[in-house]
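First the structure, in the form of structure tokens, and then the observations on it.
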Amino acid sequence: MTTATDPPPMDRPDVQRKARRRRPQFALSTFLLLIAALASWAAHWQAIQHTGSLRRQVHALQQIARELRVSDPAQFAAVHRLPQWCDEHIWDVYLPPGNAYELCLALENIERVPVSTTSVPKPARVVTLEPGRHAVELKDDATDQGWSFTVLVDGEVVIEETRPPSWNSSRSSSQRRKISSSEQQSTDQPLELFHRRFFVDTGNGSSTSTSGPSKGVQLWIRSLNRS
Amino acid sequence: MTRVLNLLLIVATAGALILLVGQRRDLAQLQAEHDRLAAEYGALDVRNPGKYLVARVDTDDPHHFAWRVYFPADLQIDHHHGFTAGGRIGGSSIHPHAAEHLHRYRFEFTPEHLAVHLLDRGGGGRVSLGDRALRDFLAEQWDNLDFEILAESETVAVSTDKPLPFLVIRIPKQLRDELTERVGERKAARYLKQPLFEAVYGTKEAVAPYRE
């Protein structure tokens with residue numbers, strides 16, 4: 001029971017001390033700094049989310065655009081350019097400085113395996129390439145007059161090969177190696193751009209692939225290792 | 001106590017701001033690269049990885065139609081495209097991982113035919129239609145044909161349970177007389193009866209009616 005001379009309970013020092021202990025007090029500046037810290041970390045987190053989303057979109061676009069990317073200038077780089085027509089074959093290639101290079105086209109004795117230092121068909125034609133960036137294009141056509149194969153470098157025809165209609169009876173073929181995204185590889189191994197093997201006519205109107213060497217089209221670049 | 005707390009908050013704020021400045025720089029470079037590529041190949045923001053997504057890409061060529069397509073993982077899609085009165089290509093594709101690609105149809109007027117080049121992630125193909133008379137008629141009337149184009153004005157998330165007509169081209173009825181005069185009555189009736197060109201995607205069940 002309180003008397004008229006007793007102070008109200010909230011004004012008593014012991015009650016005030018207890019209340020202060022229960023509810024810690026902060027300065028206005030601390031609150032403002034807390035808000036600033038939370039806002040800046042929230043902006044940072046939002047930027048991380050946005051960067052991640054944008055990075056995924058850019059990666060997808062780069063895969064579609066098929067642009068040549070050279071991260072190691074001492075290695076070959078190549079990409080099959082996004083075709084504008086279904087039978088278009090153009091590669092953007094990068095050849096490192098310090099070496100000379102040869103662009104090789106083979107039409108016979110094409111093995112199943114890709115061209116390498118141990119598996120190299122005899123090229124039908126060879127042309128020299130200087131280091132740097134080039135656009136290499138392959139055009140092949142089969143008409144009643146026969147087969148024609150043309151290779152262009154930077155828009156200039158450098159190889160033209162023809163074969164009679166009897167050269168190959170089958171139009172069917174298997175094809176490998178498209179380099180549909182920019183790739184890099186050591187100059188120690190040949191850089192294969194195109195590999196097609198024609199099927200062999202079985203005589204009953206159909207054709208089939210062979211396990212041995214066959215006619216076809218193989219296009220690659222090799223280093224002549226000046227050093 | 002307050003001073004220590006304030007100091008910690010100042011350090012935390014400054015740290016976040018320093019990181020933010022670095023991120024903004026990266027973000028600006030990424031945004032510039034994105035804008036450069038998206039101007040040519042279109043933008044596609046995948047928010048639901050389980051949905052098939054299509055966005056039309058402008059080509060500045062009335063004979064060239066392109067879309068950015070997002071393909072969810074493990075979704076099997078059948079496709080049938082080509083000239084309904086001529087060559088057609090059909091097939092099926094499934095991707096173990098989600099994939100984005102550019103899907104295109106490009107029409108070419110060769111000296112003798114109208115040909116269409118299909119260009120997509122898996123490769124390409126070409127089919128031709130008609131003879132010289134039809135080719136000349138279509139070359140002259142190309143802008144007057146009816147084109148039904150998927151996602152023509154905006155990105156669409158679509159269900160593949162129904163047929164997805166990427167591109168349907170029809171010869172309008174008002175060109176009947178001229179077409180008949182050029183290719184003859186029998187051929188004209190055939191070209192007018194059904195779409196000239198049709199490219200349809202969807203699940204096996206969805207595109208079953210389009211199978212020959």
Side-chain angles (χ1 to χ4, degrees), chain A residues 20 24-67 69 80-90 141 143 171 173-181 196, chain B residues 1-3 5-24 26-27 29-38 40-47 57 61 64 68-70 98-102 104 106 108 115-127:
Chain A
R20 268 206 298 275
Q25 290 181 335
F26 298 104
L28 178 63
S29 59
T30 305
F31 274 115
L32 292 174
L33 281 169
L34 181 65
I35 289 165
L38 288 175
S40 52
W41 281 102
H44 172 57
W45 182 82
Q46 197 181 23
I48 287 175
Q49 300 297 311
H50 188 41
T51 306
S53 166
L54 205 55
R55 207 179 292 281
R56 281 191 294 277
Q57 290 180 53
V58 168
H59 177 72
L61 278 163
Q62 285 173 341
Q63 294 292 311
I64 287 169
R66 297 190 184 185
E67 292 179 343
R69 295 182 184 275
H80 187 280
R81 204 182 275 180
L82 188 71
Q84 297 303 309
W85 306 101
C86 72
D87 45 6
E88 183 181 270
H89 296 292
I90 304 175
D141 197 15
T143 64
R171 297 279 171 103
S173 64
S174 62
Q175 190 176 312
R176 191 158 47 75
R177 191 75 181 168
K178 287 201 74 171
I179 321 180
S180 56
S181 58
R196 173 183 287 167
Chain B
M1 176 67 184
T2 302
R3 280 186 189 169
L5 198 57
N6 284 359
L7 193 64
L8 284 173
L9 288 169
I10 288 168
V11 169
T13 307
L17 289 174
I18 288 166
L19 288 172
L20 203 56
V21 169
Q23 269 176 334
R24 291 281 173 203
D26 290 349
L27 204 56
Q29 286 174 355
L30 272 173
Q31 191 70 56
E33 178 72 345
H34 176 271
D35 293 349
R36 180 182 73 82
L37 293 169
E40 194 165 354
Y41 303 105
L44 200 62
D45 190 5
V46 181
R47 288 167 190 241
V57 178
D61 178 353
H64 190 185
R68 280 278 303 281
V69 177
Y70 169 78
E100 278 185 50
H101 59 98
L102 198 64
R104 293 175 290 162
R106 193 159 193 192
E108 178 190 19
V116 61
H117 295 247
L118 159 70
L119 300 143
D120 68 7
R121 186 170 180 258
R126 189 176 93 149
V127 287

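Chain letters run A, B, ... following the sequence lines, proteins first, then strands; residues in each count from 1.
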Under 3.5 Å: donor-acceptor pair, side chain of B:R106, backbone of A:Q84: yes

CG of B:D45 to CG of A:L54, rounded to nearest 0.5 Å, is 9.0 Å

Drop me the distance from A:T30's OG1 to B:I10's CD1, to the nearest 0.5 angstrom. 9.0 Å

Is it true that A:E67 and B:R36 make a salt bridge, defined as a side-chain N closer than 4.0 Å to a carboxylate O? yes

Any side-chain heavy atom of A:H50 sitting closer than 4.5 Å to one from B:Q31? yes

Passes side-chain contact (heavy atoms from CB on, under 4.5 Å), B:R104 versus A:L82? Steps please. CA-CA 11 Å; B:R104 293 175 290 162; A:L82 188 71; 3.7 Å; yes

Could you tell me which portion of B:L44 (side chain, backbone, both or neither) has an atom closer than 4.5 angstrom to a non-hydrogen atom of chain A? backbone

Inter-residue atom distance A:H44.NE2 - B:T13.OG1, 0.5 Å rounding: 13.0 Å

Reported CZ-to-CG distance for the pair A:F31 and B:N6, which is rounded to 0.5 angstrom: 11.0 Å

Assess the side chains of B:D26 and A:T51: does a donor N or O sit below 3.5 Å from an acceptor N or O? no

Side chain / backbone / both / neither for B:L37 at chain A, heavy atoms under 4.5 Å: both

With a 4.5 angstrom heavy-atom cut-off, could you sort out which part of B:A38 is near chain A: side chain, backbone, both or neither? both

Between A:L32 and chain B, with a heavy-atom cut-off of 4.5 Å, which part of the residue counts as in contact: side chain, backbone, both or neither? neither

Using side-chain contact (heavy atoms from CB on, under 4.5 Å) as the criterion, point out the one residue from A:Q57, A:R55, A:Q62 that pairs with B:E33. A:Q62

Donor-acceptor pair, B:H117 side chain versus A:C86 backbone, under 3.5 Å? yes

Side-chain heavy atoms of B:R68 within contact of A:L61, under 4.5 Å: yes

Please report the C-alpha distance between B:L20 and A:S40 in whole Å, then the side-chain angles of each, then the deciding distance to 0.1 Å, and finally whether the side-chain contact (heavy atoms from CB on, under 4.5 Å) criterion is met. CA-CA 8 Å; B:L20 203 56; A:S40 52; 5.6 Å; no

The interface call for A:S180 against chain B, heavy-atom contacts under 4.5 Å, is neither

To the nearest 0.5 Å, what is the distance between CG on B:L5 and CG on A:L34? 8.0 Å

